[in-house]
Amino acid sequence: MIKVSNLSKHFGTKKAVNNVSFAVERGEVLGFLGPNGAGKSTTMRMITGFIPPTAGTISVGGHDMVEDPIPAKRLIGYLPENAPAYTDMTVLQFLGFAAELRGLSGEAKKRALSRAVEMCFLDTVLHQSVDTLSKGYRHRTCFAQSVIHDPDVLVLDEPTDGLDPNQKHEVRQLIKRMGEKKAIIFSTHILEEVEAACTRAIIIDRGQIVANGTPAELKARSETAGAISLRVLGVPAETVKARLNGITGAKKAAIVKDDPAFVWARVYPQAGGLRNGELARAVADVARQDGWKIEELHTEEGRLDEVFRSITLPDTAKGGQQA
Amino acid sequence: MSTSTRHIWTIAKRELVGFFASPVAYVFIVIYLLLTGFFTFMLGFFFERGEASLAAPFFFWHPWLYLFLVPAVGMRLWSEERRLGTIELLLTMPITPWQAIVGKFLASWLFLALALALTFPVVITVSYLGDPDMGAILTGYLGSFLVAGAYLAITSMTSALTRNQVISFILSVVVCFFLILCGWEPVTRPLASIEWIPNWVIRTVESFSVMTHYLSLQRGVIDSRDLIYFLSAMGFPLFCTGVILRGLRA
Ligand SMILES: Nc1ncnc2c1ncn2[C@@H]1O[C@H](COP(=O)(O)OP(=O)(O)OP(=O)(O)O)[C@@H](O)[C@H]1O
Ligand SMILES: [Mg+2]
């Protein structure tokens, strides 16, 4: 549905987006990650036709966004960053306005309105002026605007920003559910959201894609992915470490936490060495031989925030805001 | 209705809803009516003149009144859209930018037309007191409406330039003031007496002025040249609005 090829956007000498290519098909939810100023919003603004690209092409549902914007825009629902809305209208007037611009009228408009209102839990504020809405409700109002015409493509810039935990959960579920029939791109700084709702994630840094894969694939790039963590009672940390380091087919063992009462240790897998289950069994064997009291033992899945940091931190340290 | 007219109408309607949602619109109309009344009866010596015409006491003041009132109505057109960020919503809808520009312009123009129409008691008074030339009154109203449109188009352009309404107001007052002055007799006559300025230069500059064309409509004749002038005086700034909006996003 969305195809972005070699997309670039320069602001003066600054390359906000630099040669980005990806595609999103129907049934996919693409999570867009990256540090502040990475170029997420700029990319989304180009996809939705708000700003023209410096170079590259965008096609939405087969329509080129630059050459043939109207049919392309018709397919898209867009929630801009900071959820702008006309402050001098009521929620209902605002949604009605969006519906009319989307070509809905009469019964169809009424149905679309009640569907969107229900979806975003807006029934209590329908006749309230947008001006007086709380941040979260304004966000939901703008979100409702983006789904009013049940679009095939959704572009959501930080859709859960400013929502309370319940609403965050609702919106994630909603995105996941809608993603079964639509092509969705959403950006976020909350990494759990990626695992909760995305089929695929892209990490973008200083205008370039630095990682692209399913959440599981990304997590597997984490250093701890596949490591065995265990909590042992009543054995000195040094002994635990020495014994675990003796396992062949593991990379190394490390002490995560040395508490008087217990020891947290982690055994990292070696590429081409013992696999997940085997590594766990090897660790368990050591523990049994030495008669360790094990309180907990599990395989780490890897963590997105670790991957995120390891990919983007060196760059940010060099100055993410510089061109 | 074609899609294009429907979009323009939807946008115009939104603009009007937003306008009348606050007391500003009503306050504006009241101020407008008070000022026209004040200028007509106090400064225009409507009664003292003893003639059944609206040209001198009533219409004469309109370009000056509009100089401040029209920028006040139009200053928020695009600057507010930029300040709130709603421009990002509007321009990613399946509409063309010019539909948005025209829709917003028409809404404000319609509002000004409403304010202008509410001056009808003046017409009733003058026809009660005497036997005025109704044709001249009609063309006078037409001229006034067109001047308001020209100022409004300029304000639309200046409001696209900035997200600050005050700056947008000041800029459009300056531009509109220039359009008055360059054809206003007290300015052009001394200029004409300067020898080294050729006459055609003065004539050309004059032809850019709303005053020249406004006064010609006051005489009760609709000259196609005046209409063409006003159409371009509205069309060109609106076109520039589009160029500015495109430039902002590039
Ligand atoms: N209109 C503009 N003019 C100049 N520079 C701009 C403009 N818009 C964005 N930028 C720059 O482009 C870069 C990318 O900005 P963008 O808003 O896309 O970041 P982001 O990934 O959305 O960040 P955040 O997580 O903070 O929302 C930033 O360095 C920003 O300063
Ligand atoms: Mg952003």
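Given the structure is predicted, the values throughout are model-derived calculations rather than measurements. First the proteins, then the strands, lettered A, B, ... as listed; each starts at 1. Note: hydrogens, waters and symmetry copies are ignored here, and every other heavy atom, side chains too, is used.
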**Report entry** Residue among A:Phe11, A:Phe97, A:Tyr86 with most heavy-atom pairs under 4.5 Å to chain B
**Finding:**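 Of the candidates given, the most pairs with chain B belong to A:Tyr86.
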**Report entry** Pairs of heavy atoms under 4.5 Å with chain B: top-ranked of A:Arg74, A:Arg45, A:Lys9
**Finding:**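 Going by pairs under 4.5 Å, I would pick A:Arg45.
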Rounded at 0.5 Å granularity, tell me how far [atom1] in [X] sits from [atom2] in [Y].
X: A:Met89; Y: B:Glu15; atom1: CE; atom2: CD; result: 9.0 Å
X: B:His7; Y: A:Arg102; atom1: NE2; atom2: CZ; result: 9.5 Å
X: A:Cys142; Y: B:Leu89; atom1: SG; atom2: CG; result: 4.5 Å
X: B:Thr3; Y: A:Leu101; atom1: OG1; atom2: CG; result: 12.0 Å
X: B:Thr92; Y: A:Ile51; atom1: OG1; atom2: CD1; result: 12.0 Å

Does [X] have more than 12 heavy atoms from other residues, nucleotides or ligands lying within 6.0 Å of its [atom1]?
X: A:Phe121; atom1: CZ; value: yes
X: B:Phe28; atom1: CZ; value: yes
X: B:Phe145; atom1: CZ; value: yes
X: A:Arg115; atom1: CZ; value: yes
X: B:Phe177; atom1: CZ; value: no

Checking heavy atoms, do the side chain of [X], its backbone, both or neither come under 4.5 Å from chain A?
X: B:Glu81; value: side chain
X: B:Thr10; value: both
X: B:Leu248; value: neither
X: B:Arg83; value: neither

Taking the side chain as C-beta and beyond, is there a heavy-atom pair between [X] and [Y] under 4.5 Å?
X: A:Tyr78; Y: B:Glu88; answer: yes
X: A:Gln93; Y: B:Arg14; answer: no
X: A:Thr87; Y: B:Thr86; answer: no
X: A:Pro84; Y: B:Ile87; answer: no

Query - Derivation and outcome, side chain to side chain contact (heavy atoms under 4.5 Å, CB included), residues A:Asp88 and B:Val17 - result: CA-CA 8 Å; A:Asp88 47 15; B:Val17 164; over 6 Å; no
Query raised in the report: Tell me, side chain or backbone of A:Ala98 under 4.5 Å from chain B's heavy atoms, or both, or neither?
Result: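 Contact with chain B involves both backbone and side-chain atoms of A:Ala98.
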Report task. Go through the atoms of A:Ser105 and report whether side chain, backbone, both or neither lie under 4.5 Å from a heavy atom of chain B. Result ->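 When you check distances to chain B, no heavy atom of A:Ser105 falls under 4.5 Å.
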